[in-house]
> 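The structure's right below; bear with me while I get my questions together.
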Amino acid sequence: MFNAPGHFFKVGEDVGKVGVIIAAAGQGSRMGESENKIFLPLEGIPVLVRSIKNFKQPWIDEIVVVGRSDEQDKIRTLLDRWKVSVDKVVVGGARRQDSVEFGLKALSEKVEWVFIHDGARPLVTEATILESFKQVQRHQAVGVGVPVKDTIKVIDSNNYIINTPKREQLWAIQTPQAFSYELIKNAYAEANLHGWEVTDDCSLVEKIGAKVKMIQGENTNIKITTPEDLEIATMFLNKMVGGLPMRTGIGYDVHRFADDRPLILAGIQIDHARGLSGHSDADVATHALMDSLLGAAGLGDIGRHFPDSDPEYKGISSILLLERVVNLLAKKQYRINNVDLTIIAQKPKLAPYIDQMRASLSKIMAVDLDAINVKATTTEGLGFCGREEGIAAMAVATIVK
Ligand code: MG
């Protein structure tokens, strides 16, 4: 029934297992940098991380990343740092088609549909992915592309024009390309048999005589190949994100000083004679931060999610709770744009700890260091903070769906 014309895909519907191969074993040499282009940051988040994250959808069952043999550790560390879980990272081959074939072999047998996507295309939209999936169920093979805007010339080895194909018939192919698993597996088997060399996966399906449906994607879905591409992608991304509504949340918390407790602020142990009293580790800064994030997402406050009455949270590191809050937001498809945290304490002096705090929060929240600001202030001896009765913290967070 899933191949019936007009079938409309609904999230949550049983449509068979879906696998994704992220081809990330390219050389990246055209960037003129020693580093593979997929590791370069695009607005603070590495290109590869963005490319994979677009496929982190509830209806996608498996993701396999194919990387260079000398970059396996680097890819794993990167995915870990940015909290992107994939099913496998496997070693690629010399040619793109070898890498994709290794990726196909790494998918589990039960996969019915396969997306193949370039690790260097970070701006693919959810709409394009969903449309590809809808169409592949009708056509078995789908390529995403855009009509070319320039007139294309075919030239000989001396740069003389041989002919000019009709522009109306010319499209530039991108990824994702989506296939029924059986079809693409057979196409690869035939390619091996005949020694075919291709630069994209649709070509193999064409070669075995099967039809491939082209669907129109977006001009913004560029492949990051040159330093200029990264600049263009930054502009596109800001335009895409700029069009989305930003949500804001505020957080405020106060804890009283207590003897015989360590002072923990933003996950960092501070050298001070006294700590703060509380059910958890009393990390007042992280509490304010969590409340700002929950507030921005419309998810209530930390008291609702981690009640004082629950023994599970007795003495717990608030940083672990922050991790849970970040996951809650991710589940609701929210991405953290930035946070600004102010800690109000007469003593101790917090300036020497600010960088450590930012680094700790950046790691746990899986956002760029630039997205996190931490400040500390005194109250010039006034009020409860000034009398050193306790520490207060305030936070503001902005998030984007
Ligand atoms: Mg608190």
Side-chain angles (χ1 to χ4, degrees), residues 247-330 332 334 336 338-350 353-354 356-365 367 371-379 382-399:
R247 298 176 61 118
T248 311
I250 187 167
Y252 178 72
D253 197 20
V254 175
H255 280 251
R256 180 187 295 277
F257 273 118
D259 294 328
D260 305 321
R261 298 231 339 159
L263 179 60
I264 313 281
L265 293 171
I268 302 300
Q269 182 153 354
I270 312 288
D271 189 19
H272 194 54
R274 291 186 297 170
L276 297 170
S277 72
H279 185 65
S280 64
D281 65 355
D283 182 343
V284 64
T286 302
H287 291 183
L289 182 59
M290 287 191 280
D291 269 347
S292 72
L293 292 168
L294 290 169
L299 290 170
D301 62 10
I302 51 173
R304 188 175 116 195
H305 293 276
F306 317 114
D308 273 3
S309 50
D310 190 332
E312 185 195 345
Y313 305 119
K314 187 160 170 52
I316 195 170
S317 161
S318 297
I319 281 289
L320 294 178
L321 300 180
L322 175 62
E323 198 165 18
R324 292 196 205 175
V325 167
V326 170
N327 288 339
L328 278 173
L329 263 66
K332 293 255 175 194
Y334 286 117
I336 298 162
N338 79 304
V339 294
D340 186 19
L341 175 64
T342 298
I343 305 168
I344 305 152
Q346 194 63 39
K347 270 182 191 167
K349 210 171 162 39
L350 296 174
Y353 298 99
I354 298 286
Q356 266 176 277
M357 291 178 184
R358 287 178 65 215
S360 146
L361 295 175
S362 153
K363 189 152 187 272
I364 221 79
M365 293 164 76
V367 294
I372 294 173
N373 194 63
V374 179
K375 314 190 288 299
T377 186
T378 71
T379 57
L382 299 170
F384 66 86
C385 288
R387 291 189 298 270
E388 293 177 48
E389 291 165 11
I391 293 181
M394 295 194 293
V396 172
T398 61
I399 61 173

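Indexing begins at 1, ligand by ligand and atom by atom, following the structure's order. We number each residue from 1, following the sequence as shown. Note that the coordinates shown come from a computational prediction; the quantities given were computed from them, not determined experimentally.
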> Identify each donor-acceptor pair in which a side-chain atom of residues 304-311 lies under 3.5 Å from a protein atom, sequence neighbours left out, and give them as a table.
| from | atom 1 | to | atom 2 | distance (Å) |
| --- | --- | --- | --- | --- |
| His305 | NE2 | Leu299 | O | 2.7 |
| Asp310 | OD1 | Glu312 | N | 2.8 |

> Test: side chain to side chain donor-acceptor pair (under 3.5 Å). Region: residues 286-298. Which pairs qualify, not counting sequence neighbours?
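Passing the test, one end in residues 286-298: Asp253-His287, His255-His287, Ser280-His287, Asp283-Thr286, His287-Ser318.
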> I'd like to know whether the aromatic ring centres of Phe257 and His272 sit less than 6.0 Å apart in this structure.
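Here the rings of His272 and Phe257 have centres that are less than 6.0 Å from each other.
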> May I ask you to check whether over 12 heavy atoms, not counting those of Lys375, lie within 6.0 Å of atom NZ?
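Correct, the count exceeds 12.
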> How about CZ on Arg256, more than 12 heavy atoms from neighbouring residues, nucleotides or ligands closer than 6.0 Å, or not?
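Not more than 12 within 6.0 Å, no.
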> The criterion is side chain to side chain contact (heavy atoms under 4.5 Å, CB included); which residues satisfy it with Ala345, sequence neighbours excluded?
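Once residues adjacent in sequence are excluded, the partners of Ala345 under the side chain to side chain contact (heavy atoms under 4.5 Å, CB included) criterion are Leu350, Ile391.
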> I need the protein N, O or S atoms closer than 2.8 Å to the Mg ion (ligand 1), given as residue plus atom name.
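Listed by chain and number, the atoms are Asp253 OD2, His255 NE2, His287 ND1.
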